[in-house]
S.K.: 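Supplied in structure tokens, the structure appears directly below.
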Amino acid sequence: MKNLLVAKILNEVADMLDMQGVEFKPNAYRRAARTIESLAEPIEQVYAKGKLEELPGVGSAIAKKIAEIVETGSLKYHEELKEKTPVDLEGLLAVEGVGPKTVGLLYKRLGIKSLDELERAALQHKIRTIKGLGPKTEENILSSIELAKRRKERALIGTALPIADEICELLRAEIRTKGTVGKLEPAGSLRRMKETIGDIDILAATKDPIHLSDALTQMAKVRKVLEKGETKSSVILENNLQVDLRIVDEHSFGSALMYFTGSKDHNIALRKIAIAKGLKLNEYGLFKKDEQVAGRTEEEVYEKLGLEYIPPELREDRGEVAAAMNHALPELIPYDAIEGDLQIHTKWSDGRHTIEEMAQAAKAMGYGYVAITDHYSTMPIVNGLNEQRLRDQAKEIDGLNEKLSGIRILKGAEVDIAGDGRLKADRSALKDLDVVVASVHGTFKQTKKEMTRRLISAMETGLVSIIGHPTSRKINAKNPCEIDFDEVFEASKRTGTYLEINSSPARLDLNDTNAGLAVRAGCKLAINTDAHEREDLQNMRFGIATARRAWMRKLDVINSMPLTELTRAIRKP
DNA sequence: GCCGTTTTCGGCCCGACTGTTTTCAGTCG
């Protein structure tokens, strides 16, 4: 499926045309790129059927270009544009506040092609000499450039986990074909469900290591084999993710899994306990003198250390070892504890599926309810609802609730919080809703005090059930807004407004640390997906993982309640 | 470059915000 490649090339063409100051064409290319990005069907199929021009935003010229990409994997026009402006577009555009026009200007005036050159020019105060840019722009570039550079370093868990699952399944199947008993598990930060992943670590126990490393290195999506051996193999995938496969004896599988799962600090804490007991812990097992006393499973290693079993999400050396010793670990919210999703978008605004499609998908996940929270907004980009359309939507929901069994659709909306903390919606529009999510979607550059005041003002309107993605960060792309969490937590409790863990892999907001602080301050949270299409509902597991990393229990999460309890607990406008 | 019960030419999504400007261009969502 070449959809993403086609979309990427079209988007780059758009950016380069933008750089040259070409009008209107860039948006034509972007529109076509968006269509193809969200196309369920492989673009090759559309091409084969001769139906490219039927796609919205695709005319004869772009259709020809798509055909060229499908056939050859590249586009001459794109290559020619790149020759004219040979800059690291992706890297430079990753700097917040720098767009195509600025990239073009920087290249034309200073010959800047890369992030490093941009940083040097900024440090030498050359940026401010360009007409149209100034000292503020220079400062902004310097403060954003670190984030832009780090961008490539770590993958989102939402990207890495599905790939790792797929590879693990493939390798497990390989083990099975050999008919040998074997085990295989992902390890590393992926198993701890960290929000970003450096590389994918996989641990295996098999009688036939060569066969397994062959299977890894011969996978279709491998770009480069870094090393290949009996106990360790590493490859780089086409998407630049690195995969390390380690193979150990079965009687060491548990201790090796602990060792490769980490975190490093957690392992150090465990080794100290082993030493205190006159034992030695390493990846091969727990030893008394030279005799292995545990190692086959993680459970037996923890037990022999005198500890409760510690779930991977907690292994960060944040007090979990002491808690395990005192049998005081929390009973973490299970991955199947969620009863409903309280932030969902549909075709009514910027989502891809209908209310019924989303509700059916939620029902298939075992949910008892969902809240439809399309954007209530005046911004056309998200096709926001106004008061009339919200009423029309309510009628559709009433109809669906009569028709569907086993799932209850709650009426909701996601409302913008203006810079001054007022909601960009009237009380009259919201008054009949079951759930109001209020979120910050603009005016990000406020002081900590202003942003704190803004969120609290929104909570004090009495109209808000949930504050969506409270810091508005985007991982690797946008820093979180600064908030005084103590004040926000206090207001959350005082006004009965719940804070959200947004499960979108690029957000995970609140994050594990702040969610943990919230719960310890006595707040309850909602875990929502913010789904814009059916498949996004599956992101719930990342939100739950974040909650588990925050030491949260089921009772800390409002949407782990059945519908009747939830409707009592949640505040209506 | 796309598109059309304002249709084959002449528009094209729009509002907020920022930083650079004396009236606007670029970026973001």
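Hydrogens, waters and symmetry mates play no part in the numbers below; they use all other heavy atoms, side chains included. Order of the sequence lines sets the chain letters (A, B, ...), proteins ahead of strands, with each chain counted from 1. All figures in this text were calculated on a predicted structure; none of them were measured in a lab.
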S.K.: For A/Thr346 and A/Asp374, which I'm curious about, is there any donor-acceptor pair between the side chains at under 3.5 Å?
M.R.: yes
S.K.: I need the NE2-C1' distance between A/His375 and B/dC28, as an integer number of Å.
M.R.: 14 Å
S.K.: Can you figure out which of B/dG26, B/dG19, B/dG1 approaches the side chain of A/Ala28 most closely?
M.R.: B/dG1
S.K.: Without swapping roles, check the side chain of A/Glu450 against the backbone of A/Thr447 for a donor-acceptor pair under 3.5 Å.
M.R.: yes
S.K.: Within the 4.0 Å heavy-atom criterion, would you say A/Pro26 contacts the bases, only the backbone, or no part of the nucleic acid?
M.R.: nothing
S.K.: Taking only N and O in the side chain of A/Lys64, is any of them less than 4.0 Å away from OP1 or OP2 of B/dG1?
M.R.: no
S.K.: Only counting residues at least two apart or in another chain, list the ones meeting side chain to side chain donor-acceptor pair (under 3.5 Å) with A/Thr497.
M.R.: A/Thr495, A/Arg571
S.K.: By a 5.5 angstrom centroid cut-off and a 30 degree plane limit, is there stacking between A/Phe24 and B/dC2?
M.R.: no
S.K.: A/Lys25 has a side chain; which of B/dG29, B/dG1, B/dT18 sits nearest to it?
M.R.: B/dG1
S.K.: Specify the separation, in whole Å, of atom CG of A/Asp15 and atom C1' of B/dG26.
M.R.: 13 Å
S.K.: Name the closest nucleotide to the A/Asn140 side chain, picking from B/dG29, B/dG19, B/dC2.
M.R.: B/dG19
S.K.: Select base, sugar-phosphate, or nothing to describe what A/Lys65 touches, counting heavy atoms under 4.0 Å on all strands.
M.R.: sugar-phosphate
S.K.: Taking the side chain from A/Glu339 and the backbone from A/Ser560, do they hold a donor-acceptor pair closer than 3.5 Å?
M.R.: no
S.K.: Check the distance between B/dG1's C1' and A/Glu53's CD and give it to me in whole angstrom.
M.R.: 12 Å
S.K.: By nearest heavy atom, map A/Thr137 and A/Asp18 onto DNA chain B; which one lands nearer the 5' end?
M.R.: A/Thr137
S.K.: Please measure how far the P atom in B/dG4 lies from the corresponding atom in B/dC13, and state the result in whole Å.
M.R.: 12 Å
S.K.: With respect to the side chain of A/Lys136, which nucleotide from B/dG19, B/dT27, B/dG1 is positioned closest?
M.R.: B/dG19
S.K.: Write down the distance between CZ (A/Phe444) and P (B/dT27), rounded to a whole number of angstrom.
M.R.: 17 Å
S.K.: Using the P atom in both, what is the distance from B/dT27 to B/dT21, to the nearest Å?
M.R.: 15 Å
S.K.: So which nucleotide from B/dT21, B/dC2, B/dG29 ends up closest to the side chain of A/Ile62?
M.R.: B/dC2
S.K.: B/dT8 pairs with which nucleotide, Watson-Crick or G-U wobble, both distances below 3.5 Å?
M.R.: none
S.K.: Rounding to an integer number of Å, can you tell me how far A/Asp350 CG sits from B/dC13 C1'?
M.R.: 15 Å
S.K.: To the nearest Å, how far apart are A/Arg128 CZ and B/dT21 C1'?
M.R.: 17 Å
S.K.: Suppose you measure atom C1' in B/dG19 against the same atom in B/dG10; what distance do you get, rounded to whole Å?
M.R.: 33 Å
S.K.: Would you check if the side chain of A/Asp509 reaches a backbone N or O of A/Thr471 as a donor-acceptor pair within less than 3.5 Å?
M.R.: yes
S.K.: Mind checking whether A/His441 and A/His469 have ring centres under 6.0 Å apart?
M.R.: yes
S.K.: Given the C1' atoms of B/dT6 and B/dG11, what is the spacing between them in whole Å?
M.R.: 11 Å
S.K.: Say we look at B/dC9 and B/dT20: how far apart would their C1' atoms be, to the nearest angstrom?
M.R.: 36 Å
S.K.: For nucleotides B/dT8 and B/dC3, find the distance between their C1' atoms and express it as a whole number of Å.
M.R.: 10 Å
S.K.: Here's a test of your reading of the structure: between A/Val103 and A/Gly442, which maps to the more 5' nucleotide of DNA chain B?
M.R.: A/Gly442
S.K.: Distance check needed: B/dT18 P versus A/Glu139 CD, whole Å only.
M.R.: 15 Å
S.K.: Decide yes or no for A/Val58 and A/Arg31: does some side-chain heavy atom of the first lie under 4.5 Å from some side-chain heavy atom of the second?
M.R.: no
S.K.: Let me know the distance between CZ of A/Arg31 and P of B/dG29, rounded to the nearest Å.
M.R.: 21 Å
S.K.: Quick check on B/dT27: is either OP1 or OP2 less than 4.0 Å from any side-chain nitrogen or oxygen of A/Thr102?
M.R.: yes
S.K.: Side chain of A/Thr443, heavy atoms from C-beta onward: which of B/dC2, B/dC17, B/dG26 has the nearest atom to it?
M.R.: B/dC17
